Undergrad: 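Sharing a structure below in structure tokens format, with a few things to ask.
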Amino acid sequence: MRHPRFHTPAAATLAATVFTLFTAMTLVSAESENWPAFRGPDAASVAADDPRLPITWSTTENVVWKTPVEGLGWSSPVVWEDRIFLTTSVSEGEEEEPRMGLYFPYGSPEPMPSGGRFRDPEPGDLLERSEAVHHSLVTAVDFETGAVLWTTEVHAGVPDFDRHLKNTYASATTVTDGERVYAYFGNIGVYALDMEGKLIWEKRFDAAHTRLGWGPAASPALHEDTLFVVNDNDEDSFVVALDAATGAERWRVDRDEGTNWSTPFVWQNEQRTELVTAGSDRVRSYDLEGNELWHFSGLNSISIPQPFSAHGLLYVTSGYVGDQVKPVYAIRPGAAGDITLADGTRSSEHVVWYADDAGPYHPTPLVYGDYYFTLHDRGFFTVHDAKTGEELYFTEDQIQSQQVRRRVARGANGFTASPWAYNGKVFVLSEDGDTYVLDAENRFRVIATNPLDEVAMSSPAIARGNLFIRTRSHLWRITDTSASQ
């Protein structure tokens, strides 16, 4: 039997790096930690080590509480002090259940002879256009008990846009600054509520056609007193900056861009703060006044993963399963103008490294220590050196065949949620509701499988020694109960 090995000229050096990584991680007090946005406070999905954070769980083991969630939504939970916020859409009629996996053909909406925007979906289209009234809700859940503290309806009406059956009318994750919570419902609008659920302001958007009728899903981003919303569609794409306190529009920039589903990222680097947006036509960076700083082309035809930063670099990727090239770019700060790579090159003044076969479709990758970890939708993963792009783990057979992806586990073949990490482990949540625990200190071998027995497509939240996972109909608070006693 061939065993995985480091594919590197200096395995001992890498081993030393691993040791340094995990001994240097600071075990900070989590009492002041919050998880205020999609993938956490810095969009990294990495939590500080904490003995209370669970490694194993089930529907009964290490479960503090399990709260039912009405309706349908894939927005991730966010946490601020004693409250957990999430959104949902409750239909007055029948809703078709989410459909897991990747499937072809997808089906596309077409103009309706009656003059409507799109035709009604037909069986096999994998699209949903409900005729029923939907209620867009924001909910606050008590951190300690799981009790619902309040639910505020911000909109009610019959949807005037389609959605993919893997999407929902409440897929965008809220963001909070501890004073207000901001909920974005894509083609409906964005709403600001105070911490008691009172609506403070709203800004409505006209529904726009999205590619193949799949509907919107990107989440907003918050920086200091400004809320950023990117709405990429097939009619009138734009990025808008809103005053967080009042909802007043500070600036709006039209984007020559088709539909995408990537959440924008506020990159605070050593030189400046910029808003980075990933698009299938161009990746663009704006300053905080809406002026374009730099751009490049090279992502594939659908952009979903969120840009993020680690080691002073910006990582941008996409990996639509129908495209041959699945690129990853690592960008250094200070770029200006067009930084598109020349054909046949893998680095430049501003591109530190580039890979053409490591981009994921749905899950955003993870940098944990020096590891750049990519989870692919069909249950494979790759590991690169985050600073250089070098591929780290292979078997001899994989080296010969150039098949460098490893399968998470046999039978694990559907993943939408982004991976997360703490305590030397990387966690990947399947659409079946099973979380596979990979040991980052031992070549990412699976050491545990944690079932929740319910469909799951939301990325989790982590705060004060607790993991919060949203499944199809529940929100779970999970912690190592033995360490909490």
Side-chain angles (χ1 to χ4, degrees), residues 38 71-76 87-89 91 93-112 116-132 134 136 158-173 184-188 205 207-219 230-235 237 257-263 278-280 300-306 318-323 360-364 376-378 413-418 430-432 455-459 470-472:
F38 177 61
L72 183 60
W74 289 130
S75 61
S76 296
T87 62
T88 190
S89 178
S91 174
E94 294 287 332
E95 284 288 283
E96 189 165 352
E97 284 297 304
R99 195 171 302 184
M100 299 183 290
L102 299 173
Y103 19 72
F104 301 90
Y106 289 102
S108 302
E110 297 173 354
M112 297 171 59
R117 185 184 294 270
F118 310 119
R119 67 166 168 81
D120 291 327
E122 298 175 356
D125 276 345
L126 303 175
L127 298 172
E128 170 78 6
R129 167 71 72 83
S130 176
E131 299 294 331
H134 281 61
S136 301
V158 177
D160 58 357
F161 57 97
D162 295 305
R163 67 171 177 87
H164 193 283
L165 284 178
K166 205 171 180 177
N167 198 358
T168 71
Y169 292 117
S171 290
T173 298
Y184 178 45
F185 288 89
N187 266 343
I188 299 172
F205 298 130
H209 173 50
T210 56
R211 191 182 320 171
L212 300 176
W214 288 354
S219 304
V230 174
N231 189 321
D232 281 350
N233 55 73
D234 277 6
E235 294 184 24
S237 296
E257 188 70 50
T259 303
N260 289 291
W261 295 267
S262 176
T263 296
S280 52
N300 62 19
S301 58
I302 292 176
S303 181
I304 296 177
Q306 182 186 25
S318 66
Y320 173 52
V321 293
D323 289 342
Y361 184 26
H362 283 100
T364 299
H376 298 273
D377 294 60
R378 289 173 168 163
N413 56 14
F415 292 83
T416 295
S418 298
S430 77
E431 294 174 352
D432 292 316
V455 175
M457 298 190 194
S458 298
S459 301
R470 180 180 190 168
T471 56
R472 166 62 182 86

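Bear in mind the structure is a predicted one, so any value in this text is a computation, not a measurement. Positions are given from 1 along the sequence. Atoms considered below: every heavy atom in the structure, side chains included; atoms not considered: hydrogens, waters and symmetry mates.
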Undergrad: Please find the pair of heavy atoms, one from S459 and one from S76, that lie closest to each other, and give the distance.
TA: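 Taking every non-hydrogen atom into account, O-OG, 2.8 Å.
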
Undergrad: Once you measure the plane-to-plane angle for H164 and W214, does it fall in the parallel (<30°), tilted (30-60°) or perpendicular (>60°) bin?
TA: perpendicular

Undergrad: Do you know which two heavy atoms are closest between A172 and S75, and how far apart they sit?
TA: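 Heavy-atom minimum between the residues: O-CB, 3.1 Å.
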
Undergrad: Are side-chain heavy atoms of F161 and I188 found at a separation under 4.5 Å?
TA: yes

Undergrad: Is any side-chain heavy atom of S318 less than 4.5 Å from a side-chain heavy atom of I304?
TA: no

Undergrad: Check whether S171 reaches the backbone of A217 with its side chain - one donor and one acceptor, N or O, closer than 3.5 Å.
TA: no

Undergrad: Under 4.5 Å between any side-chain heavy atoms of E431 and K166, yes or no?
TA: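 With C-beta onward as the side chain, the pair touches.
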
Undergrad: Testing the basics here: between A218 and V230, what is the closest heavy-atom pair and its distance to 0.1 Å?
TA: CB-O, 4.3 Å

Undergrad: Looking only at heavy atoms, which two atoms of P305 and P360 are closest? And how far apart?
TA: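 Residues P305 and P360, closest heavy atoms: CG-O, 3.6 Å.
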
Undergrad: One thing to verify: whether R163 and E95 come together as a salt bridge, which I'm taking to mean a side-chain N less than 4.0 angstrom from a carboxylate O.
TA: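 Result for this pair is yes, salt bridge flagged.
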
Undergrad: State the CZ-CE distance between R470 and M457, to the nearest 0.5 angstrom.
TA: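 Between R470 CZ and M457 CE, I get 12.0 Å after rounding to 0.5 Å.
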
Undergrad: Is the F205-F185 ring centre distance short of 6.0 angstrom?
TA: no

Undergrad: Please report the interatomic distance OG1(T471) to CH2(W74), rounded to the nearest 0.5 Å.
TA: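 Rounded to the nearest 0.5 Å, the OG1-CH2 separation comes to 7.0 Å.
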
Undergrad: Using side chain to side chain contact (heavy atoms under 4.5 Å, CB included), reason through I302 and W261 one step at a time and then give a plain yes or no.
TA: CA-CA 8 Å; I302 292 176; W261 295 267; 3.6 Å; yes

Undergrad: Counting C-beta onward and ignoring hydrogens, is there a side-chain heavy-atom pair between H134 and T168 closer than 4.5 Å?
TA: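 A side-chain contact under 4.5 Å is absent here.
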
Undergrad: Starting from the C-alpha separation in whole Å, work towards a yes-or-no answer on side chain to side chain contact (heavy atoms under 4.5 Å, CB included) for N233 and T259.
TA: CA-CA 4 Å; N233 55 73; T259 303; 4.3 Å; yes

Undergrad: Using side-chain heavy atoms (C-beta onward) and a distance below 4.5 Å, is Y320 in contact with H362?
TA: no

Undergrad: Compare every heavy atom of S301 with every heavy atom of D323, then report the nearest pair and how far apart it is.
TA: OD2-OG, 2.7 Å

Undergrad: Is the backbone N or O of S219 less than 3.5 Å from a side-chain atom of T263, with the two atoms forming a donor-acceptor pair by type?
TA: yes

Undergrad: Measuring from H209:NE2 to D162:CG, what's the distance to the nearest 0.5 Å?
TA: 8.5 Å

Undergrad: Could you tell me if the side chain of L72 sits less than 4.5 Å from the side chain of P98, heavy atoms only?
TA: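 Yes, close enough: below the 4.5 Å cut-off.
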
Undergrad: May I ask you to test the Y169-N187 pair for a side-chain heavy-atom distance under 4.5 Å?
TA: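 With C-beta onward as the side chain, the pair stays apart.
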
Undergrad: Which residues pass the side chain to side chain donor-acceptor pair (under 3.5 Å) test with N260, not counting sequence neighbours?
TA: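 Listed in chain order: E257, S280.
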
Undergrad: What's the shortest heavy-atom distance between A170 and S89, and which atoms?
TA: CB-N, 3.8 Å

